[in-house]
Enquirer: 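One structure is given below, represented as structure tokens, and several questions about it will come after.
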Amino acid sequence: MPPSRPMTRAAGLEALATFLTGPGAAYAASRNTDRGPGATPTTSVLSPYLRRRLLTEEEVARAAQSAFGIPGAERFVSEVFWRTYFKGHLETHPGAWTGYREGLAAARTRLAAEPGLRRTYERAAAGRTGLDGFDAWAGQLAEEGWLHNHARMWFASIWIFTLRLPWELGADLFLRHLLDGDPASNTLSWRWVAGLHTRGKPYRARRDNIRQYTEGRHDPAGLDEGAAPLEEDMPPREVPLAPADTPPDGAIALLLHLDDLHPESLPLGPARVVRVGGLLAHAEGAVDRVRAADAAALADALTRAQAQFGCPAMPVQDGWAGDLPVVTAWAPAGPSAEVLPRDCLRVRRPWDSRAWPLANRGFFRLRSAIPGLMEA
């Protein structure tokens, strides 16, 4: 089920409190079960707030440890770190993002040229494949902008291995419709399902697994459970993590964007914020529901920034910063990063500075470091 609260920090904090005092205690045992639309969620449903950093990964992970203790929060904290991992991995492998964009363009060209592929794609996107479960998830995605994480994995696997559709088209469908559509998490999750992120190890949707974790609600026949993983000529090349900038000592213009909407906690050092601008860069083709959520989140952040810094805060317009140096939170690869001013200074949160360098390989390296990172 999608979050029913507004896309504001206050609503995100309320959702966090609800999770910690309710379903959070059973998270480790129930997180893989998808009970479908209208049911009490088995996950935190915090991802739309985390995606825009109305809530930060650090505060959510620490709140869980405070509520459940370190052992009791271990599984949930690990899942929060997956979000941090994906961002750090994409920053050290930006070719995964550009490769996705290039693959998407090529797949769209194929749709225009291949009627059979186009028909399969249209049926899949509309939920008219005849595959039990898959069609319901396609409908839920379109109607709610939301899917349980396990359903996302099943959907992606069926899309790639049973329907034989280009994975980039599926990743694009998710990014346009999901309320929590995150460029890093979405791109790398689809690559992981395809067997490209962890090379040669795809995620294959299995009928018995779907039947078990939907509690018998879905029982799809005809899945290709033995398909070979996808391959690529050259995996994305690792590059050094770019250094963050140091804010100047003096007056600055602070630029907010959809990848970080908690300006109150940004590491700005001695800088003095005298002007705040908000930059709205939606995912390409984002549906109205997603665009409205983005706009509401940015408006909330601008209101809070104005109160925090005691200065004007408004959407970016030509000349909004005047002659002031522009400082912004680090934007990982994606729509926001692509439209940031070239001469802006980018600051990085200590959480990211500690974790992202450990995200250049598989998740295990970062997962092993979680206790130390949480103690820092």
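These figures come from a predicted structure and were not determined experimentally. Heads up: numbering here begins at 1 and tracks the sequence.
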Enquirer: Hey, could you give me the CD/CZ distance between Gln308 and Arg304, rounded to the nearest 0.5 Å?
Expert: 9.5 Å
Enquirer: Using a 3.5 Å distance criterion without hydrogens, assess whether the side chain of Asn186 forms a donor-acceptor pair with backbone atoms of Ala171.
Expert: yes
Enquirer: When you look at CD of Glu238, are more than 12 heavy atoms from neighbouring residues, nucleotides or ligands closer to it than 6.0 Å?
Expert: yes
Enquirer: If you count every heavy atom of other residues, nucleotides or ligands that lies below 6.0 Å from Asp208 atom CG, does the total exceed 12?
Expert: yes
Enquirer: If you apply the rule salt bridge (Lys or Arg N to Asp or Glu O under 4.0 Å), what do you find for Asp182 with Lys87, and how did you get there?
Expert: CA-CA 9 Å; Asp182 177 87; Lys87 290 182 184 296; 3.0 Å; yes
Enquirer: Does the side chain of Asn149 come under 3.5 Å of the side chain of Arg31 through a donor N or O and an acceptor N or O?
Expert: no
Enquirer: Can you run down the ring-ring contact (aromatic ring centres under 6.0 Å, His included) pairs that involve residues 206-234, sequence neighbours left out, and say none if there aren't any?
Expert: Trp137-His218, His150-Tyr213
Enquirer: In the structure I gave you, are the side-chain heavy atoms of Leu241 and Arg348 within less than 4.5 Å of one another anywhere?
Expert: yes
Enquirer: Verify, without hydrogens or angle tests, whether Ser157 (side chain) and Met153 (backbone) share a donor-acceptor contact under 3.5 angstrom.
Expert: no
Enquirer: Does a donor on one side chain and an acceptor on the other come within less than 3.5 Å for Thr42 and His148?
Expert: yes
Enquirer: Check the orientation of Tyr203 and Trp192. Use parallel for under 30°, tilted for 30 to 60°, and perpendicular for over 60°.
Expert: parallel
Enquirer: Any sub-3.5 Å donor-acceptor pair from Thr8's side-chain atoms to Asp300's backbone N or O?
Expert: no
Enquirer: Are more than 12 heavy atoms, taken from residues, nucleotides or ligands other than Gln65, located less than 6.0 Å from that residue's CD atom?
Expert: yes
Enquirer: How would you list, by chain and number, every residue that makes a ring-ring contact (aromatic ring centres under 6.0 Å, His included) with Tyr100, sequence neighbours excluded?
Expert: Trp97, Trp167
Enquirer: Just by distance, no angles: are the side chains of Trp154 and Asn209 close enough, under 3.5 Å, to form a donor-acceptor pair?
Expert: yes
Enquirer: Spell out, as yes or no, whether a donor-acceptor pair under 3.5 Å connects the side chain of Arg349 to the backbone of Pro267.
Expert: no
Enquirer: Between Thr56 and Trp351, is any side-chain donor less than 3.5 angstrom from a side-chain acceptor?
Expert: no
Enquirer: Can the positive tip of Arg152 be found less than 6.0 Å from the middle of the six-membered ring of Trp146, inside 45° of the ring normal?
Expert: yes
Enquirer: Return each pair, listed once, that meets ring-ring contact (aromatic ring centres under 6.0 Å, His included) where at least one residue sits in residues 257-316; pairs must be two or more places apart or across chains.
Expert: none
Enquirer: Is a side-chain donor-acceptor pair under 3.5 Å present for Thr214 with Asp34?
Expert: no
Enquirer: How far apart are the closest heavy atoms of Gly12 and Leu55, and which atoms are they?
Expert: O-CD1, 3.4 Å
Enquirer: Side chains of Ser47 and Asp180: any donor to acceptor distance under 3.5 Å?
Expert: yes
Enquirer: Does Pro332 offer a backbone N or O that forms a donor-acceptor pair with the side chain of Ser336 under 3.5 Å?
Expert: no
Enquirer: Would a distance-only check, ignoring hydrogens and angles, find a side-chain to backbone donor-acceptor pair under 3.5 Å from Arg346 to Trp330?
Expert: no
Enquirer: For residues Ala124 and Thr129, report the shortest heavy-atom separation together with the two atoms involved.
Expert: CA-CG2, 3.6 Å
Enquirer: Taking salt bridge (charged side-chain N to carboxylate O under 4.0 Å, His left out) as the cut-off, I'd like each qualifying pair that reaches into residues 162-175, sequence neighbours left out, listed once.
Expert: Arg108-Asp172, Arg164-Asp224, Asp172-Arg176
Enquirer: Does the pair Arg207/Asp219 count as a salt bridge with the N-to-O cut at 4.0 Å?
Expert: yes
Enquirer: Quick one: list whatever passes side chain to side chain contact (heavy atoms under 4.5 Å, CB included) with Ala297, sequence neighbours left out.
Expert: Met7, Arg52, Leu54, Leu261
Enquirer: Does anything in residues 56-79 pair up under ring-ring contact (aromatic ring centres under 6.0 Å, His included), and if so which pairs, sequence neighbours excluded?
Expert: Phe19-Phe76, Tyr27-Phe76
Enquirer: What are the two closest heavy atoms between Ala293 and Leu179, and how far apart are they?
Expert: CB-CD2, 3.9 Å
Enquirer: Mind listing the closest non-hydrogen atom pair of Ser78 and Phe363 along with its distance?
Expert: O-CZ, 3.6 Å
Enquirer: For Arg361, does its backbone N or O pair with a side-chain atom of His89 as donor and acceptor, under 3.5 Å?
Expert: yes
Enquirer: Hey, is Arg191 close enough to Glu232 for a salt bridge, meaning N to O under 4.0 Å?
Expert: yes
Enquirer: When you measure from the side chain of Ser66 to the backbone of Arg62, do you find a donor-acceptor pair of N or O atoms at a distance under 3.5 Å?
Expert: no
Enquirer: Hey, is the main chain of Gly88 close enough, under 3.5 Å, to the side chain of Asp352 for a donor-acceptor pair?
Expert: no
Enquirer: For the pair Arg53 and Glu57, evaluate salt bridge (Lys or Arg N to Asp or Glu O under 4.0 Å) and give the outcome as yes or no after the intermediate values.
Expert: CA-CA 8 Å; Arg53 275 190 168 168; Glu57 296 103 300; 2.7 Å; yes
